[in-house]
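Since the structure comes first, as structure tokens, the remarks are kept for the end.
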Amino acid sequence: MGVVIQASATTTGTETGALAHAVSAARRCLERAGVAGEEVGLLLYVGLYRDDNIVEPAIAALVQRELGMCLDYAKGGRPGFSFDILNGACGVLNAVQIAQAYLASGQVSRALVVSADAHPSGHDHDGFPYAASGAALLLGLDERVPGFGRLYVLDEDDGDDRSAFDVEGFLSFGEAGTSGRKHITVRRDQAAAARAVALLSTALTRAVSAEGLALDDVVVVTTRWSPGFSAALAAACGVSVERVWSATGWTKDPVSSALTIAYDDAVRSGRLSAKVPVLFAAVGSGLTTACVLLRP
Amino acid sequence: MSVTTHSRFESIGVHLPRRAQSTDELLQQCATPVPLEDLTGIRSRRVCGDDEDSVSLAVAAARDCLSRSRHRAEDLDIVIFTSISRVHSDAPRMSFEPSMAGLVKRAIGARRAIHLDVSNACAGFMSGVQIVDRMIKSGVVRTGLVVSGEKITPIAATAAHEVTDARDPQVASLTVGDSGAAVVIDRSDDEADRIHHIELVTSAAFSTLCYGMPSDRWAGMAMYADNRAMHARDRIQLWPRFQMDVLAKEGATFESEHYDFVVQHQVGALAMHLFCRVGAAMFRAPMPESLSVVEEFGNTATTSHVLVLHQALHQGRVQGKKVLLVPAASGIVVGFVSATLSSVRVA
């Protein structure tokens, strides 16, 4: 018995703000699965950049409210639990691993992984490198297939220098003053893109090997650090570009939603065969990577 | 592989900034007088210096915790960072990436570990403990570190400038204190040394009652809480109602669990007393002695239960005893954690 993706969805692109993207993707995902919000036992939110830079409550609780999932435990209905996970573009795979543990416990039968990012003002800014975007994955158990395997992580070993990050995103009150709700600074070192490709190709090669497979046995669904990222990753791994799939048609990186968007695109365009294992491979700020194999 | 049915608190560590600030001292910054000590019982709190941040508090707590653990940093399978405040700079900032857990992991040398940040208001720490507990039970990990570094007193500075009366939505921000806390969790083979329950539930209809976000009048973080609605009787009853339901499914009751101590989320003496009174009435059972550090350290957000446990262990009061921890957080998140701590040692 394994954990599988029961449905996936992305947003329409007409939403404004991270919460609206998150709720829209979550609703579309549940609709596709024919599942009501109250049937979800665990909601994991993995978005980074949120409306008004809200840090409390968990954005997950705000999404949960909109979905009508466990509104008031005292009024009956099913218990539900939710929280936020932050780990750059890798957070969605941390969420998959956590969902596996909760589903295995029998505590919940469905887990919804929701992601969204947007400039805190709700409007796009030239200096903000991420796309306003949202996506959702509904996970559940299937006794017929192995489903998701274990999580492999590999960090770049670059010493303990905390002063220099390849990617960092923060609200600086020194810069924002009293406009903290509408301000964010994201710095991405362009030179890090090549190192992200190299690190992820090492990580995914090791993960595939640890699963007893060869790169030609899997389709890789990956994040989108920069335009042409999937082609560069395919070249670094020595596989055909047809076997490495990332979100396409985006001028900016949909960061926390990148993997789910790539998967959803691949499913809807018929690129994923029901018989081929899918390797989810993410690289994000840190630099850090996460890989998980989904076996049919 | 044998099935693991329970996890345990294997080690506990804390770190408190040296500087104590009295409630009188804080109130001197307030434009409007607030009877804070009368309302909360809080006499003082610790406050970070400019050279301390969420990461340094967390790293210091993690090192304290690991110094008495049977496990080495390099043996940890997972590191989860759980604070609300996310400051990793000597400048006033709120950070969203890279993950704080990755920075802590690097600083302590937990090379093999999976890492991630969990954010769930004041229930973040116990959410992290539940994640590790469920992962140990499902065989995904053997040993995990849950850690928090809470540099949260900037919201008190904002509130001091903005509060207009005792009913202001920012009054609760005046109660907070800074700290770091960490626990190592591993498998339990002994009924007298384990986490018996860790159960949490979010009632999301009330998720908009408390927001932590930047102020729009002051260059800093703020928290706005509708305390009247948060502490309405129906909300306070959520915890006992949930705990009774979970225990009833196991054929147990509050009384049959024989708790030796209860630790409420440290929001203020009067509120904690009210939570215990409402609990006792609903459980129809006497409430065990309530342990507290709120008078000395204030509301330390995610770290509150661990600070209480650490102090009680230091005083030799809870070794081998069954302790009930009661989280309460924006969301609204409630639940209960019960544990017997037999192998944990403190300095």
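Computed from heavy atoms alone, side chains included, the values below leave out hydrogens, waters and symmetry copies. Below, chains carry the letters A, B, ... as their sequence lines are ordered, and counting in each starts from 1.
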Proximity breakdown for [X] and chain B, heavy-atom pairs closer than 4.5 Å:
X: A:S179; result: neither
X: A:R78; result: neither
X: A:N94; result: side chain
X: A:Q107; result: side chain

A:R206 CZ: over 12 foreign heavy atoms closer than 6.0 Å =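 Open: at most 12 neighbouring heavy atoms sit under 6.0 Å from CZ of A:R206.
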
message = Does B:E74 have more than 12 heavy atoms from other residues, nucleotides or ligands lying within 6.0 Å of its CD?
response =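 Yes, enclosed.
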
Against chain A, work out which of [options] has the most heavy-atom pairs shorter than 4.5 Å and name it.
options: B:L238, B:D245, B:I131; value: B:I131
options: B:L209, B:D234, B:T208; value: B:T208
options: B:M100, B:Q130, B:R111; value: B:Q130
options: B:G102, B:C210, B:C122; value: B:C210
options: B:A204, B:G220, B:G331; value: B:A204
options: B:I114, B:I78, B:V333, B:D133; value: B:I114

[X] versus chain A, the contacting section by heavy-atom distance below 4.5 Å:
X: B:R241; value: both
X: B:V334; value: neither
X: B:A101; value: neither

ask   = For B:M230 and B:R235, which heavy atoms make the closest approach, and how far apart are they?
value =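 Here B:M230 and B:R235 meet closest at O-CB, 3.1 Å.
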
ask   = Among pairs that include at least one residue of residues 91-103 of chain B, which meet side chain to side chain donor-acceptor pair (under 3.5 Å), considering only residues two or more places apart or in two chains?
value =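 For residues 91-103 of chain B, and leaving out neighbouring residues, the side chain to side chain donor-acceptor pair (under 3.5 Å) pairs sorted by first residue read A:Y49-B:E97, A:Y130-B:E97, A:S285-B:E97, B:H88-B:S95.
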
task = May I ask you to decide whether B:D117 forms a salt bridge with B:R86, counting only side-chain N to carboxylate O separations under 4.0 Å?
result =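 Counted as a salt bridge, because a side-chain N and a carboxylate O are separated by less than 4.0 Å.
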
B:W239 ring center within less than 6.0 Å of B:F283 ring center =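 B:F283 vs B:W239: aromatic centres under 6.0 Å.
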
